[in-house]
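Inspection log for the structure reproduced underneath, given as C-alpha cells.
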Amino acid sequence: MPWQQKISYLIGQPVGISMANGQGTSGILCGTSNGKLLVIEYLYQAQFALKQYDFYMIQDINGFPACQNQQPLY
C-alpha cells in the first residue's frame, strides 16, 4: 500500500518515517497540509516541535507496533 493511503489511519498515532535520502524520524502524526506531512517530534526536556516534511521527501511511514507484556531486562 502506498504510504499516502496510510495517513488517515495513522493520524494521532506514533509513527516512524523513512525519508528518500535514507534518514528517518519518528513522532506523532498530526495530519497533512499543502503537500506536507505534519509531525510533532520530541526535542529535549519538555520541548516538542511541529515539523513539516514535503511529500516528495518521504519514502514510507509506519505506525509503531503495540507493546508486549514482557519483563524488563534490568
Side-chain angles (χ1 to χ4, degrees):
M1 168 186 309
W3 67 265
Q4 295 91 337
Q5 294 178 354
K6 301 178 191 178
I7 292 173
S8 62
Y9 301 104
L10 295 173
I11 291 176
Q13 301 297 315
V15 295
I17 302 167
S18 53
M19 305 294 183
N21 67 4
Q23 295 180 331
T25 190
S26 61
I28 305 294
L29 179 60
C30 293
T32 63
S33 179
N34 298 321
K36 297 176 188 282
L37 203 64
L38 307 175
V39 182
I40 292 182
E41 296 180 11
Y42 174 71
L43 297 177
Y44 62 95
Q45 294 182 348
Q47 296 185 7
F48 295 83
L50 179 64
K51 301 275 188 89
Q52 301 179 31
Y53 296 99
D54 290 314
F55 280 6
Y56 74 85
M57 298 172 63
I58 299 169
Q59 182 176 26
D60 199 8
I61 181 171
N62 291 288
F64 272 58
C67 294
Q68 303 280 331
N69 281 338
Q70 297 180 353
Q71 295 294 323
L73 298 176
Y74 54 91

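What you are looking at is a predicted structure, and each value in this text was computed from that prediction instead of being measured.
Taken from OG1 in T25 to NZ in K51, the straight-line distance is 6.0 Å, to the nearest 0.5 Å. The CD1 atom of I40 sits 3.5 Å away from atom SG of C30, with the distance rounded to the nearest 0.5 Å. Taken from CE in M57 to CD in Q52, the straight-line distance is 11.0 Å, to the nearest 0.5 Å. The CG atom of L37 sits 4.0 Å away from the CD1 atom of I58 when rounded to the nearest 0.5 Å. Going from atom CD of Q5 over to atom CG of L10 covers 12.0 Å, rounded to the nearest 0.5 Å.
Within a 6.0 Å radius of CD in Q23, other residues, nucleotides and ligands contribute 12 heavy atoms or fewer. Counted within 6.0 Å of CG on N21, heavy atoms from surrounding residues, nucleotides or ligands total more than 12; the atom is thus considered enclosed.
Sorted by first and then second residue, the ring pair (Phe, Tyr, Trp, His ring centres under 6.0 Å) pairs with a member in residues 49-68 read W3-F55; sequence neighbours excluded.
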Scan the side chains in residues 11-18 for donor-acceptor partners under 3.5 Å anywhere in the protein, sequence neighbours excluded, and list what turns up.
unit_1	atom_1	unit_2	atom_2	d
S18	OG	D60	N	3.4
S18	OG	D60	O	3.4

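Residue L43 comes nearest to A49 through the heavy atom pair CD1-CB, 3.8 Å, listed as atom of the first residue, atom of the second, then distance.
Side-chain contact check for K6 versus N62: some heavy-atom pair is nearer than 4.5 Å.
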